[in-house]
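Values reported hereafter were calculated over all heavy atoms of this structure, with side chains retained and with hydrogens, waters and symmetry mates removed. Just follow the structure's listing: the first ligand is 1, and inside any ligand the first atom is 1.
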Amino acid sequence: MTAPLPIPTNDTARAEEPVQMQVQVAVPLFAISGELSYSVPTELATQAIPGMRVIIPVGKRKFVGVITANNHISSVDGTRLRPIEQILDELPLLSPEQIELCRFVASYYVAPFGEVIKLCLPPGTQALLKTAKIGKKAKLKAASHSHSQHAAQSGLVAEASPATLSPHQNTAISTILTNPPGAYLLEGVTGSGKTQVYLEVARALLAKGLSSLFIVPEIALTEQLLARLQAFLGEPVVLLHSNLTPAARREALFTLATGNARIVLGARSALFAPVKNLGLIVVDEEHEPSFKQEESPRYHARDVAIYRAKLESAIAILGSATPSLESLYNVDCGKLTHLMLPERVSGARTLPKIEVVDLRARKAHRQSQREDRAKSEGSRISILSRPLKEALAACLAAKQQALLFLNKRGYAGIVVCDTCGHMGMCKECSVSLTYYKSKNAMLCHQCGHTERATEKCPECSNDTVALGLGTERIEDEVRALFPDARTGRLDRDAVRDQSELQELLTQTQAGLIDVLIGTQMLAKGHHFPNVTLVGVVLADTALSMPDFRAAERAFHTLVQVAGRAGRGDEPARVIFQTFNPEHPAIGFARTHDTEGFVAYEKAIRAALKKPPFVRSALVRVESTDPRLAKQLAGLVADDLRVHIAHTNVGAQCQVLGPAPAPYEKLRGFTRYHLFISTLGSKLRSQLIAHIQNMDELKKSVRQKRCRLIVDVDPVHML
Ligand code: ADP
Ligand code: ZN
Ligand code: ZN
C-alpha cells in the first residue's frame with residue numbers, strides 16, 4: 001500500500017512555474033532546535049509525507065529526521081535547497097495529530113522541536129547517522145502485525161460490572177458518554193469507584209472502535225490497574241514505560257501505530273504514543289507532581305493530555321481524590337467539567353476516623369519513653385507516641401495489618417559532631433548526607449554519592465550522632481518494640497525494581513507482613529483490605545518545603561495515606577503525629593475536608609499572586625563557577641526588569657529573584673533562580689524569549705560556561 005499524496009498546504013509555487021516538493025524536517029537532537037528545509041527528488045515525491053523518517057545531510061554529516069510538513073515550491077526555489085537522501089518508512093511513523101501535539105509542546109514549554117519529536121519515536125532512531133543501514137530494522141511495514149507479545153494478554157473473558165453502579169457513578173458515566181467529547185475532572189474519595197468509571201467509559205468506546213489511553217503517575221505501581229483493565233475490557237493492554245527494553249518499546253509502538261492494540265497504559269511519556277482512533281485519555285491521580293517532566297522537554301502530562309484529547313476529539317478524564325488547584329481552577333474557568341463521587345462504594349463504605357497526636361505534648365509520655373528506650377536500642381527518643389504504639393499493639397493482636405508512613409528514606413537525615421557541630425555534607429550538593437545504619441554508610445539523596453559512615457568527627461575526632469528520622473529507623477523501632485511482628489519496607493532503597501515491588505505487595509496482600517513501613521510509594525493506589533491502622537509518623541515533613549505548593553502537597557499526601565485504611569469491612573483508625581496540629585493542611589486532612597482546604601489555599605494563592613491565578617516560569621542559571629552563576633542570574637534579572645519597564649508591562653507581571661535555589665549546589669553546579677509570573681501566557685512567552693536572546697547569556701551558554709533552564713508551569717521548585 002502506498003499512502004496517497006496529501007494535498008499540500010502553504011503552497012507558494014506560482015501556477016505557471018514547474019513545481020517541486022519541499023519538506024520541513026525535525027531532527028531529534030538538542031543542538032538542532034528548529035525545523036530544516038529540504039527539497040524532495042521527484043522520484044521520492046509521492047512518499048515524502050509528514051511522519052516519515054528521512055535521511056538528510058546537515059553540513060558534512062548525515063542525520064535521521066522526521067518530516068513534519070510538506071508543500072510545493074517552484075523548481076527554481078527548490079534548487080536552493082539540499083535534497084533529502086532517503087525515506088526510511090513505508091508508512092508515516094507519526095500521525096498529523098502527533099506532529100501537531102509536538103509542535104504545541106515545543107512552543108508552549110520552550111523546548112527544541114526535535115527533542116519533543118523524539119518522545120514519539122522508537123528507540124534506536126539515532127539522530128546522528130552512523131551507518132547507512134539505520135532504520136531498516138525499525139521500518140514500519142504496511143503489512144499488519146499479529147498481536148504484540150508485549151501487549152499483555154488477558155487470560156479471562158471480560159468481567160461484568162459490579163452488580164450495581166452507584167447513582168453517582170451512573171451520572172458520571174452517562175454525562176461523559178452522552179455529551180460531545182469533553183474534558184472532565186472526576187473527583188472522588190479513595191475507593192469511591194473512579195476506576196470503575198474509567199473502565200465503563202473505555203468499554204463503551206471500544207464498542208465503537210475507539211481506543212483508550214491510561215496515564216498513571218508511576219508505572220511501577222500499576223499492576224492492579226493493569227489486571228483490572230485486562231479483566232474488564234478483555235483486550236490486550238500495551239504497557240509503555242521507561243523500563244522497557246528498546247526492542248520491547250519499539251514493538252509496543254509499532255503494535256499501536258498499526259492499530260493492533262486499542263488500550264494503552266503508561267507513565268507520562270505514553271501520551272505521545274501513536275494510538276489510532278483515540279477516544280479517551282484518562283489521567284489517574286492527576287494531582288501527582290510526577291506528571292511534570294523534570295528534564296527537557298519539561299511538559300506536564302495532565303495539560304498535554306487535555307490538549308491531545310481536544311486535538312483528536314477524544315474525551316479526557318482527570319481523576320483524583322484530592323484534585324490539584326490547577327484543575328479546580330480550570331473547572332472555575334469552564335475548561336473542565338466537574339464530576340463528583342462523594343462516597344466510598346466498597347468495604348465498610350466509610351472513611352476512617354483520623355486522630356491527631358500532638359508531639360509537643362509528649363512530656364506526659366515520658367514514663368512510657370523511658371521504658372521503651374531500653375528496648376529500642378540505638379535511638380535516643382522513640383518517635384512512636386503512646387497512642388500510636390497502643391494502636392499498633394491492638395492492631396497486631398487482632399491479626400490485622402498496619403501501615404506506617406514517613407516521607408524520608410534512610411535511618412537519619414543528619415550526621416553531626418556533638419562537640420564541634422561539623423555536619424556530613426555532600427561535596428557536590430548543598431545537602432546533608434543521610435545515614436544508613438544497615439549499610440553503615442552516608443548517602444546523598446540528590447546525586448547518589450556514598451561514603452562510609454564516620455563514628456568520629458573528621459574535624460575534631462570526637463563522637464558523631466545521627467539525628468532525624470527515616471524509614472529505616474522506624475523499622476528498627478517497630479522491630480524492637482514488637483519483636484514478633486513481621487515488618488516490610490516500601491521505599492526506593494528497599495524496593496529497587498518492579499519484581500521486588502511486586503513481591504512485597506504480594507506478601508502484604510497475602511498477610512505475610514504485619515507492619516509495612518514506607519515513603520510516598522506507600523501512599524499511592526494500593527488496595528490492602530486488611531489494613532486497619534495507618535500511622536503517619538511525622539505529618540510535618542512536607543510542610544517545611546520551600547515551595548508555595550508545600551501545604552497543598554502535604555494535604556494531598558495525608559489524605560491519600562489515610563485513604564489506604566479501612567478499604568475492607570473492618571473499621572479502621574488513622575493517626576497523624578505532628579508538631580503542628582493547628583496547621584490547616586493537617587486540620588482539613590483530619591476531617592477529609594477537601595473543599596475546606598481548597599477554599600483556604602485558593603485565597604492564599606490569589607492574595608500572593610501565585611499559580612493557578614497567574615502564569616509562571618522558573619528560570620535557572622547554573623554553572624560550575626559559583627561567581628558566574630550569580631553574576632549571570634543578576635544580569636538576567638536586571639535586564640528583564642529594564643525590559644519590563646520599557647515595555648510598560650510592570651502591572652501585568654512580577655519577577656522574583658535572583659535568589660540561590662533551595663538546593664543551591666547540585667551535582668557540582670551552583671544554581672540561581674528567577675521566578676516569573678504573568679497575567680497571561682503571551683507575556684510570559686515574550687519575557688522568556690527576551691531572556692533567551694540576551695547576548696551575554698547566549699555566549700556563556702554556547703561556550704558551555706553555564707546552563708540556562710526555563711521551566712514553564714514549574715512544579716519542582718527546588
Ligand atoms: P477508586 O478508583 O475511586 O479508588 P475503585 O474503582 O478502585 O475506586 O473502586 C474501589 C473498589 O470498589 C474496587 O474493588 C471496585 O471493584 C469496587 N467497586 C467499584 N464500583 C463499585 C460499585 N458500584 N459497587 C460495589 N463495588 C464497587
Ligand atoms: Zn567535631
Ligand atoms: Zn550529592
Side-chain angles (χ1 to χ4, degrees), residues 159-173 186-202 214 216-217 221-229 231-232 282-286 317-323 339-349 351 415-434 442-451 454-465 509 523-529 559-560 562-569 663-671 718:
E159 187 195 88
S161 313
T164 42
L165 290 164
S166 73
H168 292 292
Q169 284 174 315
N170 271 321
T171 308
I173 294 162
L186 180 63
E187 177 179 356
V189 295
T190 50
S192 61
K194 294 184 293 296
T195 308
Q196 198 60 42
V197 170
Y198 313 149
L199 294 175
E200 299 280 350
V201 172
F214 290 82
V216 291
L221 307 172
T222 56
E223 283 301 310
Q224 288 178 12
L225 180 55
L226 175 65
R228 275 175 81 179
L229 283 171
F232 190 78
V282 170
V283 179
D284 195 24
E285 311 285 4
E286 66 86 25
I317 306 178
L318 315 181
S320 177
T322 51
L339 299 169
M340 302 270 241
L341 303 178
E343 287 147 24
R344 278 195 165 175
V345 287
S346 63
R349 290 171 192 256
L351 287 167
V415 178
V416 67
C417 166
D418 67 0
T419 306
C420 78
H422 173 84
M423 201 192 280
M425 300 286 292
C426 178
K427 288 184 182 61
E428 296 293 305
C429 314
S430 49
V431 296
S432 64
L433 295 171
T434 298
M442 303 198 297
L443 206 126
C444 171
H445 279 176
Q446 293 305 319
C447 73
H449 165 80
T450 310
E451 51 190 74
T454 44
E455 279 166 32
K456 298 290 174 201
C457 172
E459 298 287 326
C460 73
S461 306
N462 283 301
D463 288 348
T464 57
V465 286
Q509 234 117 29
K524 287 175 194 165
H526 305 294
H527 185 64
F528 302 126
V559 172
Q560 296 286 344
R564 297 309 115 213
R567 296 174 77 91
D569 297 326
Y663 290 134
E664 186 172 351
K665 200 173 159 201
L666 213 57
R667 297 182 181 87
F669 282 82
T670 298
R671 310 150 79 242
L718 298 179

Report task. To the nearest 10 degrees, could you say what angle the Zn ion (ligand 2) makes with SG of Cys420 and SG of Cys417? Result ->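 About 110°, to the nearest ten degrees.
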
Requested in this report: Would you give the angle at the Zn ion (ligand 2) between Cys460 atom SG and Cys457 atom SG, to the nearest 10°?
Outcome: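 Rounded to 10°, it measures 110°.
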
Please check: side-chain N/O of [X] versus main-chain N/O of [Y], any donor-acceptor pairing under 3.5 Å?
X      : Y      : answer
Thr222 : Leu225 : no
Thr322 : Gln560 : no
Arg228 : Leu199 : no
Thr450 : Gly448 : yes
Lys665 : Lys427 : yes

Requested in this report: Check the surroundings of atom CD in Glu455: do more than 12 heavy atoms from other residues, nucleotides or ligands lie under 6.0 Å from it?
Outcome: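 Counting neighbours around CD of Glu455, 12 or fewer heavy atoms of other residues, nucleotides or ligands fall under 6.0 Å, so no.
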
Query raised in the report: Going by distance only, is there an N or O of Gly188 that falls short of 3.5 Å from an N or O of ligand 1?
Result: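 Looking only at distances, the answer is no, because the N/O contact criterion of under 3.5 Å is not met.
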
Requested in this report: For ligand 1, find out whether one of its N or O atoms is nearer than 3.5 Å to an N or O atom of Gln169.
Outcome: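 The answer is yes, given that Gln169 and ligand 1 share an N or O pair closer than 3.5 Å.
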
Quick one: pull up [atom1] in [X] and [atom2] in [Y] and give me the separation to the nearest 0.5 Å.
X      : Y      : atom1 : atom2 : result
Lys194 : His168 : NZ    : NE2   : 13.5 Å
Glu428 : Arg667 : CD    : CZ    : 10.0 Å
Glu187 : Leu341 : CD    : CG    : 9.5 Å

Report task. For Leu165, counting its heavy atoms only, list the atoms of ligand 1 lying under 4.0 Å from any of them. Result ->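 This gives 23 (N) as the contact atoms.
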
Report task. Identify, by atom number and element, the atoms of ligand 1 in contact range of Ser166, meaning under 4.0 Å from any of its heavy atoms. Result ->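 Ligand 1 atoms under the 4.0 Å threshold to Ser166: 23 (N).
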
Query - Tally of protein N, O or S atoms, where distance to the Zn ion (ligand 3) is under 2.8 Å - result: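 Counting protein N, O and S atoms closer than 2.8 Å to the Zn ion (ligand 3) gives 4.
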
Query - The one among Lys194, His168, Gln196, Arg228 that brings a heavy atom closest to atom 7 (O) of ligand 1 - result: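 Of the listed residues, Arg228 has the closest heavy atom.
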
Requested in this report: Between Ala321, Gly193, Gly563, flag the one that comes closest to atom 5 (P) of ligand 1 by a heavy atom.
Outcome: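 Going through Ala321, Gly193, Gly563 one by one, Gly193 has the nearest heavy atom to atom 5 (P) of ligand 1.
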
Requested in this report: Identify, with sequence neighbours excluded, every residue that meets ring pair (Phe, Tyr, Trp, His ring centres under 6.0 Å) alongside Phe528.
Outcome: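 Ring pair (Phe, Tyr, Trp, His ring centres under 6.0 Å) check on Phe528 returns His526.
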
Requested in this report: Give a yes/no on ligand 1: does Arg344 have at least one heavy atom closer than 4.0 angstrom to it?
Outcome: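 Judged by the 4.0 Å heavy-atom criterion, Arg344 does not count as contacting ligand 1.
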
**Report entry** Close side-chain approach of Tyr198 to Leu186, heavy-atom, < 4.5 Å
**Finding:**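 A side-chain contact exists here, since the closest heavy-atom pair is under 4.5 Å.
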
**Report entry** Which segment of Thr164 sits under 4.0 Å of ligand 1 when only heavy atoms are counted
**Finding:**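 Only the backbone of Thr164 comes within reach of ligand 1.
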
